[in-house]
Amino acid sequence: MSEERERLAWAEFGVATRELATRICEDGYEPDLILSIARGGLLVGAALGYALDVKNTWTMNVEFYTGVDERLDEPLLLPPVPDLTVLRTERLIIVDDVADTGRTLALARDFCAEHVGDVRTAVLYEKPHGVVRSDFVWRRTDRWINFPWSTPAAVAAE
């Protein structure tokens, strides 16, 4: 992995999510529900919820990354796992901050696909080597991304 990094600042985050929402609207896709992948997708999902005027938002906890470019063998759904048998929606959009390998999005998409008529994905960043392509992408890069929410050390670690 290159030492050079993509950097997203808080101010640019607002622009990025607004542009991503515009792409979704221009495509004509109108999700009934936004499912954010925790943790990185939480902020993106909230911003898209406001920009797309979608109030029905859920979260799904998936563990995959353990450090910079370090990950588990497979992404894991963590509790509480959403009970999709009660889901009553036609159009769902799964949101995350980055699709690096694409395996987290694939897991979430496959998990939801049998319960929802139309499942799509949206990310701020997509890497070129992913196993799936996101339906909506703000920017593509092959570099590691420093996000404003995950780059600083945790306060608890200080």
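Just so it is clear, the model here is predicted, and its values are computed rather than measured.
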Worksheet item: Going by the salt bridge (charged side-chain N to carboxylate O under 4.0 Å, His left out) test, which pairs reach into residues 39-59, not counting sequence neighbours?
Response: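 Found none.
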Worksheet item: Which residue pairs satisfy the salt bridge (charged side-chain N to carboxylate O under 4.0 Å, His left out) criterion with at least one member in residues 7-26, sequence neighbours excluded?
Response: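 Only Glu12-Arg139 qualify under salt bridge (charged side-chain N to carboxylate O under 4.0 Å, His left out).
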Co-membership, hydrophobic cluster, residues [X] and [Y], 4.5 Å side-chain:
X: Tyr50; Y: Leu43; result: no
X: Val137; Y: Ile37; result: yes
X: Phe13; Y: Ile34; result: yes
X: Phe111; Y: Val119; result: yes
X: Leu42; Y: Ile93; result: no

Provide the closest heavy-atom pair for [X] versus [Y] in the form atom of the first, atom of the second, distance.
X: Tyr29; Y: Leu92; answer: OH-O, 2.9 Å
X: Arg103; Y: Val131; answer: CG-CG2, 3.7 Å
X: Pro128; Y: Arg133; answer: O-NH2, 2.5 Å
X: Pro148; Y: Leu8; answer: CD-O, 3.0 Å

Discussion item. The test is side chain to side chain donor-acceptor pair (under 3.5 Å); show your working for His129 and Asp142 and say whether it passes.
Written reply: CA-CA 8 Å; His129 53 270; Asp142 60 354; over 6 Å; no
Is there a side-chain contact between [X] and [Y] (heavy atoms, below 4.5 Å)?
X: Glu6; Y: Trp144; result: no
X: Leu107; Y: Val62; result: yes
X: Leu52; Y: Ile24; result: yes

Do the side chain of [X] and the main chain of [Y] share a donor and acceptor less than 3.5 angstrom apart?
X: Thr121; Y: Asp135; value: yes
X: Asp32; Y: Glu90; value: yes
X: Lys127; Y: Arg143; value: yes

Output the distance between atom [atom1] ([X]) and atom [atom2] ([Y]), rounded to the nearest 0.5 Å.
X: Leu20; Y: Leu124; atom1: CG; atom2: CG; result: 6.0 Å
X: Leu35; Y: Cys112; atom1: CG; atom2: SG; result: 5.0 Å
X: Ser36; Y: Asp96; atom1: OG; atom2: CG; result: 8.5 Å
X: Ser134; Y: Arg109; atom1: OG; atom2: CZ; result: 9.5 Å

Practice prompt. Could you tell me which residues satisfy ring pair (Phe, Tyr, Trp, His ring centres under 6.0 Å) with Tyr125, sequence neighbours excluded, listed by chain and number?
Written response: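 Per chain and number, Tyr125 pairs via ring pair (Phe, Tyr, Trp, His ring centres under 6.0 Å) with Trp138, Phe147.
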Worksheet item: Residues in side chain to side chain donor-acceptor pair (under 3.5 Å) with Thr17, at least two apart?
Response: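 Side chain to side chain donor-acceptor pair (under 3.5 Å) list for Thr17, sorted by chain: empty.
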Discussion item. Among residues at least two apart in sequence or on other chains, which ones pass side chain to side chain donor-acceptor pair (under 3.5 Å) with Asn146?
Written reply: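 For Asn146, the residues satisfying side chain to side chain donor-acceptor pair (under 3.5 Å) (neighbours in sequence not counted) are Arg5.
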Practice prompt. For Asp118, enumerate each residue passing the salt bridge (Lys or Arg N to Asp or Glu O under 4.0 Å) test, keeping only those at least two apart in sequence or located in another chain.
Written response: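 Only Arg120 meet the salt bridge (Lys or Arg N to Asp or Glu O under 4.0 Å) criterion with Asp118.
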